[in-house]
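Each remark here refers to the structure printed beneath this line.
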Amino acid sequence: MNEIELEFTKLVREYRKTIYTVCYFFSNNPTEVDDLFQEVLVNLWKGFPKFRGDSSPKTWIWRVSLNTCCKVERGKKRNVPTIPLVIDKDVMSTSDEGGRQIKMLYDRINRLELFDRAIILLWLESMRYDEIAAIVGISTSAVTSRLFRIKEQLKSMSNN
C-alpha cells in the first residue's frame, strides 16, 4: 500500500462508525445500508486527493456521507444492480433495552424530511451548531430554529 492508501484506510477505520450511522439513518434495510456505506467509501476515495484540510476530517466525512446518502435517496427511482459488500459491523444492536430505544428513535427520525434527518443526526452526534451549519450549508441560527422544530415533531410522533 502506498502512503495515500494508508492514510485513507486509517481515516476510514477511525470514522467507520460515523459513516455507518449516516447510512443507517437513510435505511434500516441491512443490504441498503451496506450499499450506501460502499457508495460513501467510493465518494470519499474519489474526493480524498482533493481534501485540503480546510475543515476537519470529521466535518468532511459527515458532509460527503450525507451528500452521498441524499443523492442515492433522490435517485432511488433508478434501479441499478449492486454487488454486496461484506462488512463486520454490529453498531446498532437491538439486543438490549438501550438498543431497542435507539431503534425506536431512528424509526421516528426516518419519517422526517431528508434535510431534517441530516440535521438531527448531526445533533445526536454531539456536533456544535456551527459545525452542523457548515456541514449542511445553512446559518447557525437556522440550525437552532430547525432543531427546535424537529425535536417538537419527534415528540409528537407515535411509535407506529
Side-chain angles (χ1 to χ4, degrees), residues 1 4-48 51 55-127 131-132 134-137 143 146-147 149-151 153-160:
M1 258 192 216
I4 292 173
E5 290 170 340
L6 287 172
E7 282 181 51
F8 182 76
T9 302
K10 180 182 173 196
L11 189 70
V12 168
R13 279 193 185 121
E14 184 176 347
Y15 292 101
R16 183 176 76 108
K17 183 178 176 185
T18 298
I19 298 166
Y20 180 75
T21 300
V22 173
C23 296
Y24 184 79
F25 260 93
F26 286 84
S27 177
N28 57 8
N29 176 313
T31 303
E32 286 182 12
V33 170
D34 290 344
D35 290 345
L36 286 170
F37 189 92
Q38 185 175 8
E39 190 70 27
V40 169
L41 290 181
V42 167
N43 287 335
L44 286 170
W45 176 249
K46 286 178 181 176
F48 191 64
F51 178 63
S55 63
S56 72
K58 177 181 175 182
T59 300
W60 178 69
I61 285 175
W62 273 101
R63 186 153 191 118
V64 170
S65 299
L66 283 170
N67 286 341
T68 301
C69 290
C70 287
K71 182 180 177 186
V72 169
E73 182 77 16
R74 281 186 233 112
K76 273 189 176 177
K77 293 181 179 157
R78 289 189 343 233
N79 190 7
V80 178
T82 58
I83 299 170
L85 174 66
V86 178
I87 303 168
D88 177 30
K89 54 157 181 38
D90 190 15
V91 180
M92 301 296 179
S93 173
T94 59
S95 60
D96 63 353
E97 182 59 30
R100 282 188 289 280
Q101 287 181 351
I102 290 172
K103 174 81 170 97
M104 284 175 32
L105 175 62
Y106 276 47
D107 288 344
R108 286 183 181 193
I109 289 170
N110 279 326
R111 290 187 275 169
L112 295 171
E113 294 294 322
L114 198 57
F115 193 68
D116 291 345
R117 275 191 263 166
I119 291 172
I120 196 70
L121 168 64
L122 295 167
W123 179 78
L124 287 170
E125 289 294 318
S126 302
M127 290 206 155
E131 290 177 307
I132 296 171
I135 291 169
V136 298
V143 169
R146 286 191 84 113
L147 271 171
R149 185 185 53 76
I150 293 166
K151 289 177 199 175
Q153 192 176 355
L154 288 171
K155 286 179 196 174
S156 68
M157 286 182 186
S158 67
N159 287 332
N160 298 326

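We're numbering straight along the sequence, starting at 1. All values reported here derive from a predicted model rather than from experimental measurement. Reckoned from all heavy atoms, side chains included, excluding hydrogens, waters and symmetry mates.
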Aromatic plane relationship, W60 with F48 - under 30° parallel, 30 to 60° tilted, over 60° perpendicular
tilted
Is the shortest side-chain heavy-atom distance between R16 and F37 below 4.5 Å?
yes
4.5 Å side-chain heavy-atom contact, C23 and V40:
yes
Check the surroundings of atom CG in L124: do more than 12 heavy atoms from other residues, nucleotides or ligands lie under 6.0 Å from it?
yes
Going through the distances and angles, do L36 and T68 end up as a side chain to side chain contact (heavy atoms under 4.5 Å, CB included)?
CA-CA 8 Å; L36 286 170; T68 301; 5.7 Å; no
Check whether any side-chain heavy atom of F115 sits under 4.5 Å from a side-chain heavy atom of C70, and report yes or no.
no
Spacing of CG belonging to D107 relative to CE belonging to M157, to within rounding of 0.5 Å:
10.5 Å
side-chain contact (heavy atoms from CB on, under 4.5 Å) filter on E5, not counting sequence neighbours, yields M1, N2, W45
In Å, rounded to the nearest 0.5 Å, how long is the span from CG of L11 to CG of L44?
7.5 Å
Decide yes or no for Q38 and D34: does some side-chain heavy atom of the first lie under 4.5 Å from some side-chain heavy atom of the second?
no
Measure the CG-CG distance between N110 and L105 for me, rounded to the nearest 0.5 Å.
9.5 Å
Worked verdict on L121 versus I109 for side chain to side chain contact (heavy atoms under 4.5 Å, CB included):
CA-CA 8 Å; L121 168 64; I109 289 170; over 6 Å; no
Is any side-chain heavy atom of I132 closer than 4.5 Å to one of W62?
no
From L66 atom CG to I19 atom CD1, the distance as rounded to the nearest 0.5 Å
11.5 Å
Partners passing ring pair (Phe, Tyr, Trp, His ring centres under 6.0 Å) against W123 (at least two apart in sequence or in another chain):
none
Just by modelled atom types, is the Q153 backbone N or O under 3.5 Å from a matching donor or acceptor in the R108 side chain?
no
Check this for me: K71, atom NZ, are more than 12 non-hydrogen atoms of other residues, nucleotides or ligands nearer than 6.0 Å?
no
Quick one, I61 and E14 - any side-chain contact, counting heavy atoms below 4.5 Å?
no
Is there side-chain contact between R149 and D116, with heavy atoms separated by less than 4.5 Å?
yes
Could you give the distance from CD (E125) to CZ (F25), rounded to the nearest 0.5 Å?
7.5 Å
Can you give me the closest heavy-atom contact between S27 and V33, atom names plus distance?
O-CG2, 3.0 Å
Between K151 and L154, is any pair of side-chain heavy atoms under 4.5 Å apart?
no
Point-to-point distance, once rounded to the nearest 0.5 Å, from CG of L122 to CZ of R63
10.5 Å
